[in-house]
Amino acid sequence: GQQVMQIPQYQHVQEGEDFTTYCNSSTTLSNIQWYKQRPGGHPVFLIQLVKSGEVKKQKRLTFQFGEAKKNSSLHITATQTTDVGTYFCAGPRYAGGTSYGKLTFGQGTILTVHP
Amino acid sequence: NAGVTQTPKFQVLKTGQSMTLQCAQDMNHEYMSWYRQDPGMGLRLIHYSVGAGITDQGEVPNGYNVSRSTTEDFPLRLLSAAPSQTSVYFCASSPRAGVSYNEQFFGPGTRLTVL
């Protein structure tokens, strides 16, 4: 079945350093979503990428979708302590025809930012 | 709108006990789902529903039952709790079912411990 792998599992950075997490799917994705979960909180939707090669920015966050639509990355420039949390990628699972029934999540990358 | 609500926030069970985790959303979303989150495992789908009266299994359905009698509610039942079901449980909803653009809105979670 469809698998979504995410690396690294953990990342420790000093405040001000950059951070990148990578997501790879075993199958082509129609789109990919990114979520952030603060410690003790629940996942919150960040963004969705749909087009091959798409790049989107949200302030210091840059999201990319690969040309083959099987991989994606999230890059944070000059991390801040508010960036602490777990970042998940997720891809919809194709269920036949035009139907998508499930969302498969990567294992997540836990980001720690040292002040 | 309250969004997605879950009760209880914390629960301790003994092995063999049964209980129901409650989930409700007031956004008239078609799609609802239950995930469990364990360290290093990401979010794993337990069951999901594409509308009232329609449910289906996710990746890890064993030991859990669901029903969807109304659009708003999607309870998760643990039939006979086991220590392996100790986890954090998240309910999520999406506006439309069967489409690839499925931004998920998550509830605050239920932290369950089975002794």
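A note on names: the letters A, B, ... follow the listed sequences, proteins ahead of strands, and every chain is numbered from 1. What you see is a predicted model; the values in this text were computed from it and never measured.
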Interchain contact, B/Gln6 with chain A, by part (heavy-atom threshold 4.5 Å): neither

Identify which part of B/Tyr35 has an atom lying under 4.5 Å from any heavy atom of chain A, answering side chain, backbone, both or neither.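 The answer is the side chain of B/Tyr35.
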
Winner by heavy-atom pair count (cut-off under 4.5 Å) against chain B, out of A/Gln6, A/Gln9, A/His42: A/His42

For chain B, which of A/Gly108, A/Pro43, A/Ala90 has the most heavy-atom pairs under 4.5 Å? A/Pro43

Under a 4.5 Å side-chain heavy-atom rule over Ile, Leu, Val, Met, Phe, Trp and Tyr, are [X] and [Y] clustered together?
{"X": "B/Val66", "Y": "B/Ile46", "result": "yes"}
{"X": "A/Phe65", "Y": "A/Trp34", "result": "yes"}
{"X": "B/Leu21", "Y": "B/Leu45", "result": "no"}
{"X": "A/Val84", "Y": "A/Leu61", "result": "yes"}
{"X": "B/Val88", "Y": "B/Leu13", "result": "no"}

To the nearest 0.5 Å, tell me how far [X] [atom1] sits from [Y] [atom2].
{"X": "B/Leu43", "Y": "A/Thr104", "atom1": "CG", "atom2": "OG1", "result": "11.0 Å"}
{"X": "B/Met41", "Y": "A/Gln107", "atom1": "CE", "atom2": "CD", "result": "8.5 Å"}
{"X": "A/Phe105", "Y": "B/Arg44", "atom1": "CZ", "atom2": "CZ", "result": "13.5 Å"}
{"X": "B/Glu103", "Y": "A/Ile47", "atom1": "CD", "atom2": "CD1", "result": "11.0 Å"}

With a 6.0 Å cut-off on the ring centroids, do A/Phe45 and B/Phe106 count as close? no

Flag if over 12 foreign heavy atoms under 6.0 Å of CZ, A/Arg60: yes

Over 12 non-hydrogen atoms of neighbours within 6.0 angstrom of CE in B/Met27: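 Yes.
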
Ignoring hydrogens and geometry beyond distance, is a side-chain donor-acceptor pair present between A/Gln37 and B/Gln37 at under 3.5 Å? yes

Checking A/Tyr10 against chain B: side chain, backbone, both or neither under 4.5 Å from a heavy atom?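 Contact with chain B: none, neither part.
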
Option that, when pairs with chain A are counted at under 4.5 Å, heavy atom only, ranks first among B/Ala92, B/Gly107, B/Gly58: B/Gly107

Donor-acceptor contact below 3.5 Å, side chain B/Tyr48 vs main chain A/Leu103: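 Looks like no, no N/O pair under 3.5 Å.
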
